[in-house]
There are 2 protein chains.
Amino acid sequence: MQPLAGAGSERPATLADVAAATGLATSTVSRALSNPGRVNALTRERIELAARELNYIPNAQARALTSGRTRAIAVLVSDVTNPFYFGIIRGTQQQLKAAGYTQILVDTEESDELEDGMLHKLRRSFDGAILAASRLTDRRLTALAAEVPLVAINRQTRGVPSVFIDTPNGIEQAMGHLVSLGHTDIAYVSGPETSWPNEGRWRAMVKAAQRYDIEVRRLGPFAPRQYAGAAAADAILHAGVTACVAFNDLLAIGMLARFRERGVDVPGDVSIVGCDDIFGADFCNPPLTTLTAPIEQAGRTAVSMLLTHLDGARVGVRQTATLPTHLTVRDSTGPAPSSPPQKGRA
Amino acid sequence: MQPLAGAGSERPATLADVAAATGLATSTVSRALSNPGRVNALTRERIELAARELNYIPNAQARALTSGRTRAIAVLVSDVTNPFYFGIIRGTQQQLKAAGYTQILVDTEESDELEDGMLHKLRRSFDGAILAASRLTDRRLTALAAEVPLVAINRQTRGVPSVFIDTPNGIEQAMGHLVSLGHTDIAYVSGPETSWPNEGRWRAMVKAAQRYDIEVRRLGPFAPRQYAGAAAADAILHAGVTACVAFNDLLAIGMLARFRERGVDVPGDVSIVGCDDIFGADFCNPPLTTLTAPIEQAGRTAVSMLLTHLDGARVGVRQTATLPTHLTVRDSTGPAPSSPPQKGRA
DNA sequence: TTGAAAGCGCTAACAT
DNA sequence: ATGTTAGCGCTTTCAA
């Protein structure tokens, strides 16, 4: 617990108050507090004591004004209610707090204009930003990166440091899993076209299809939300495939509900694989086979990269960190219908 | 899209630049931009034009330094990964953005010390704070409320404006529902003892039990997390009750998993009611009967109250807003075991 | 209606 | 090692 508001002093103490109390100059006090070591050990102790007694708390605004650094980092997500970001936010929060930074959360609501505007207008209010799902064009992103230090998650653009969650690689594993189960006609349930990872996931499907010599098709695009699952499920049924990989778990969970509603059995009639392994993927019905992503880790890594960047060290800083995903098989995937247990499929 | 960084000017434009460009004094420019109406309409237009051309963006730090207002609001949650807060955060975000405020998200990790420290140390970095789940003592909360404008959610303490989600009332409805289903021995699965709403929920159960003249008991406390559901489920089984109301959905969902694991049928063997209706409550297995809370609304209301407070109007400001909840019946509740369909129970 | 001038609290040269 | 002195960009009296 903090001491109850500094004994009698209503106006918060300033550097000048501490200086007056110790008989030193404000500059000395400033140094002692933010640059210990450049000041006599003894006087520093006197200063620290006085500061504590006066319940002195540096004014972040004033400090930011002169130093140009706010010790705040913005984290931009495209939709705060998407559970995928909870993990990111948790990860960034942990790491930022450990480094003494404040987290400013911004919801860009899937809008590139809002994202751009926020970054531009608030760029002097934070020392850097983490873009958890940028919807910006490469051009704007590059321009912005010149204005404010940036780290993007799941978005690779030349000149912008990033953390990449390797879901495409996971998708190849998932395809192998589905093929081994006898599926030969698989669909990709596409997310928004402005989503960068969406393309990579589709390309991974095509690549895997070639390797296994099977059919894949692309359905959508669909909003990366639960409600869009209904339309996606209907599209799957209409397409007549036996399995699909959905852009993300949110969509997959929405599909599950629709299939249930329509009396379609999962995985009996159709198998579903999601992406991310968000909250809920383990307890939905049936539990979802998905590509588990190290989400919190991604947030932590992004912050580390950003802070390293801020602390000058531009040398030897990795520009892209790649994080692996793995296939987590649950109950939403099973043998292809009318395909008895396979024995020695070429 | 923003204009690409102000034509050639590397250093961001300041008020002085706009003043120079228009041949006016900085004070006039300042007024024109933040206090239009106190300046000649024509000169104001000239100023606004110049400001736009120079791509002038006010420096929030400098502004905060003189005005003492940061136009930032802190939102403190006890655990960012708890889906209950997603809704709160979404609600606050919407409302804050609409009012031109920035949201600072702080995760207090269920720690009163962290909560206290953050509020105290950062109190000059924001104009007010919303406590989504304060773990502070009444004493500290009151002390802090004197330092910085506060609005608490689900926490009533004299002198601190608050938004109250009336889950206790919902619990009485839930009890009615369970009683009508033939349950006569019901347990409350308690949340953390430091949680303020936890007590109110238990009291509501006792009250309802008296009304219906049945037994209730209290189990726990348990952490308000999914993992704690296993222990809670076991406790329920050991207690031998036929139904329970859990502190929150997270716990209830965790219990569902454990019951499944132990081969206990829900609602055949035991009925479960959750609280909040968080993300996942509708698609878990079985879908959870729960008390639907207007979570986003709570966030929005909290912000409105806070901003009203900030804008001076201390007169006639409601100190507590109460938001109703309602019972959403899904599949996790059913008739009490060995109790045939009731006919005309008093 | 507009301008001049004095800070807000702090940092960072530059001096001592 | 410490003190002096300018500001940072803006708001805000107080005068004109």
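Just so it is clear, the model here is predicted, and its values are computed rather than measured. A note on names: the letters A, B, ... follow the listed sequences, proteins ahead of strands, and every chain is numbered from 1.
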Pair A:Arg90 + B:Asp79: basic N to acidic O under 4.0 Å | yes
[X] [atom1] - [N] [atom2] separation (whole Å):
| X | N | atom1 | atom2 | answer |
| --- | --- | --- | --- | --- |
| B:Arg44 | C:dT1 | CZ | P | 11 Å |
| B:Leu65 | C:dA6 | CG | P | 18 Å |
| A:Leu24 | C:dT16 | CG | C1' | 16 Å |
| A:Asp17 | C:dC8 | CG | C1' | 13 Å |
| B:Leu54 | D:dG9 | CG | P | 14 Å |
| B:Leu33 | D:dT12 | CG | P | 13 Å |

I would like to know whether B:Arg155 and B:Thr157 meet side-chain hydrogen bond (donor to acceptor under 3.5 Å, both in side chains); could you show each step before the answer?
-> CA-CA 6 Å; B:Arg155 165 66 183 258; B:Thr157 296; 3.1 Å; yes
Within the sub-3.5 Å range, which N or O atoms of nucleotides 10-12 of chain C have a protein N or O partner, and how far apart are they?
residue : atom : partner : partner atom : Å
C:dC10  : OP1  : A:Tyr56 : OH           : 2.5
C:dC10  : OP1  : A:Asn59 : N            : 3.3
C:dC10  : OP2  : A:Leu15 : N            : 2.4
C:dT11  : OP1  : A:Arg63 : NE           : 2.7
C:dT11  : OP2  : A:Ser30 : OG           : 2.7
C:dT11  : O4'  : A:Thr66 : OG1          : 3.0

For the pair B:Ser304 and B:Gln95, evaluate side-chain hydrogen bond (donor to acceptor under 3.5 Å, both in side chains) and give the outcome as yes or no after the intermediate values.
-> CA-CA 7 Å; B:Ser304 301; B:Gln95 207 76 351; 3.1 Å; yes
Of A:Gln61 and B:Asn40, whose closest DNA chain C nucleotide lies nearer the 5' terminus?
-> B:Asn40
Taking everything shown except A:Arg38 itself, do over 12 heavy atoms lie less than 6.0 Å from its CZ?
->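 No, because the 6.0 Å sphere around CZ of A:Arg38 holds 12 heavy atoms or fewer from other groups.
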If we only count heavy atoms from C-beta on, is the A:Val163 to A:Met305 side-chain gap below 4.5 Å?
-> yes
Would you please say whether a donor-acceptor pair under 3.5 Å links the side chains of B:Thr108 and B:Ser78?
-> no
